[in-house]
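Below: the structure, in structure tokens.
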Protein chains: 2
Amino acid sequence: MTAARAVTTTPKRRGAVSRGDGQPPSAPLELTLQAEDYLKAIYELEREGDAAGTNALADRLDIAAASVSGMLQRLARLGLVKTERYHGTRLTAAGRAVALQLIRRHRIIESYLVARLGFAWDDVHDEAERLEHAASPQLIEAMARVLGNPTADPHGAPIPTASGEIAERELASLAALDVGASARVAGVNGRDPRLLRYLGERGIRPGVKVRIESREPFDGPIVVTVGREKQAISPGAAAHVRVEPKAP
Amino acid sequence: MTAARAVTTTPKRRGAVSRGDGQPPSAPLELTLQAEDYLKAIYELEREGDAAGTNALADRLDIAAASVSGMLQRLARLGLVKTERYHGTRLTAAGRAVALQLIRRHRIIESYLVARLGFAWDDVHDEAERLEHAASPQLIEAMARVLGNPTADPHGAPIPTASGEIAERELASLAALDVGASARVAGVNGRDPRLLRYLGERGIRPGVKVRIESREPFDGPIVVTVGREKQAISPGAAAHVRVEPKAP
DNA sequence: CAGAAAAGTTAGTACGTACTAAAATACGGT
DNA sequence: ACCGTATTTTAGTACGTACTAACTTTTCTG
């Protein structure tokens, strides 16, 4: 068969996940599931430090750094991020709005699964991770309504409002507290259900009071009092526990 | 920069939507969202006639016929369909199993949205269409449990069991009934919410008894008695109403 | 401050999924 | 049996997203 030139004649929009939220006035802004994941990850990394580094992103998303570079350029083209060549990436206002909506979806879904469908708090992350890309705003708001518009998810993380405001508290990591300090557990970061279960079994859950008893050198265990029991946990695990420091 | 040969070194699996149902023993079988949509559409077309034609599929999925051809070859490679060149496509047993699981997901989600989240029966299709690809088996079974394992969705369509059995009833189209015949509405086919709402407003809903009063020639309206009122509807709309014929 | 290590980018490739245009096949009616 | 139309497939292209390899830039350390 001989050559046939394909004359590009405005094909229709493809690849993006339509969530059926018809916004006729202005921007359609349909993002792919992957793009959404990047934005959320950038948001989180920005919160944990400064601009999100390419390798850190690659690590978190389990994607090769080179691929991340490429995607960041695409997101920059869409006006969702601002990348400073060789110096990390930040969300623009538009990008942050998308990320916050995703986080709202995620946390409401987690809350709903635990409250209404009998899921364990340590077993909802992956489910929410998938559903957050598929759920329409109507579904999310219906879930929120049924739950009485919760303000925190089962891990203690605050839920952004529908208009994208989030009550970020000043939190420290359990691993960073001094010996003798007391704190209230605000939440537990982390995607790994085993870690969540492990901590949960030791009583480390949102709302619980803890006190640092001692810490061993050379990355040794941290001993904390939880309720009336003492628990020795690794600094690695403790790093995922977000706490609200208290006066002794 | 000079040429660099990319040496293919077994990259990791990509593109498919992992639903987190870890089946370590045999087949992973992770399908993309699109592949799943094709399988469902083929299932439906097979039920409405014989092998699914490429154009019919293209029509239903709103995709160019050429693209459908390509995808069918991929699905055939995966052993999910059997295509007889130029003569339509059928699901294999494996393909049918996937389609039935999707239909189960879809119908349970629809049921749940109506029963627990205040959605209107004519407004759940699109939401379910997206969620069915993201929901894990655990979520689906949790929803089913909460609802008491329903056997039909809000449109009256039967829900396949978790093991893939479906109670397909012998149904006729309202458009095909003779004048004077009575029937019970079993369900309404269709993705178009306007049609569903239109019919619903006229009392045509699953479970309702109808009687054909008259039909006009040249594709004219069909007059049916619904409850104690007479309604004149177009044959096009009537064709979407599935009924269980009854003795007069 | 130089050189090594770390971090990031570019180049080239692959695959899934879509498109248009054009060719091939099948089918119904004269 | 033939011809035109409908259906389907192939050819060629595009784009998003991923990969590895190789290169560049920045940062850290002796």
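Just so it is clear, the values below take in all heavy atoms, side chains as well, and ignore hydrogens, waters and symmetry mates. Here is the naming used below: chain letters follow the sequence lines, and residue numbers restart at 1 for every chain.
- Distance from the side chain of T32(B) is smallest to dG16(C) among dG16(C), dA11(D), dA11(C).
- Aromatic ring orientation, Y112(A) versus Y112(B): perpendicular (interplanar angle above 60°, classes split at 30° and 60°).
- For Q34(B), whose side chain is taken as the heavy atoms from C-beta onward, the closest listed nucleotide among dA18(D), dT20(D), dA18(C) is dA18(C).
- As a whole-Å value, the separation of M71(B) CE from dT9(D) C1' is 17 Å.
- Minimum atom distance to the side chain of I63(B) is reached by dA18(C), of the listed dT10(D), dA18(C), dT9(C).
- For the salt bridge (Lys or Arg N to Asp or Glu O under 4.0 Å) test, no residue two or more places apart in sequence or in another chain qualifies with E165(B).
- Under 3.5 Å, the side chains of H106(B) and D153(B) contain no donor-acceptor pair of N or O atoms.
- Regarding L75(A), its CG atom lies at a distance of 16 Å from the C1' atom of dT9(C), rounded to whole Å.
- The nucleotide whose nearest atom lies closest to any side-chain atom of N55(B) is, among dT7(D), dG8(C), dT9(D), dT7(D).
- Annotation: salt bridge (Lys or Arg N to Asp or Glu O under 4.0 Å) contacts of E132(B) (sequence neighbours excluded): K40(B).
- Here G53(B) lies in heavy-atom contact (under 4.0 Å) with sugar-phosphate atoms only.
- Nearest nucleotide to the side chain of S67(A), out of dA7(C), dT10(D), dA18(D): dA18(D).
- Between Y38(B) and dG16(C) there is no side-chain N or O to OP1 or OP2 distance below 4.0 Å.
- Distance L72(B) CG to dT9(D) P: 7 Å, rounded to the nearest Å.
- Counting only heavy atoms from C-beta on, Y86(B) has its side chain closest to dT25(C) among dT25(C), dT10(D), dG16(C).
- Distance CG (D50(B)) to P (dA26(C)): 17 Å, rounded to an integer number of Å.
- When distances are taken from the side chain of H87(A) to each of dG8(C), dT27(D), dC19(C), the shortest belongs to dT27(D).
- Among the atoms of the strands shown, only primed sugar atoms or phosphate atoms (P, OP1, OP2) are found under 4.0 Å from some heavy atom of R85(B).
- The interatomic distance linking L78(A) (CG) with dT17(D) (C1') rounds to 14 Å, in whole Å.
- Look at CG on D59(A): it is 11 Å from P on dG8(C), rounded to the nearest Å.
- For the pair L61(B) CG and dT17(C) P, the interatomic distance rounds to 12 Å; values are reported in whole Å.
- T54(B) comes within 4.0 angstrom of sugar-phosphate atoms only, judged by non-hydrogen atoms across all strands, and of no base.
- In this structure, L57(B) places its CG atom 17 Å from C1' of dA6(D), rounding to the nearest Å.
- At a threshold of 4.0 Å, the pair R90(A)-D50(A) counts as salt-bridged, since one of the basic side-chain nitrogens sits closer than that to a carboxylate oxygen.
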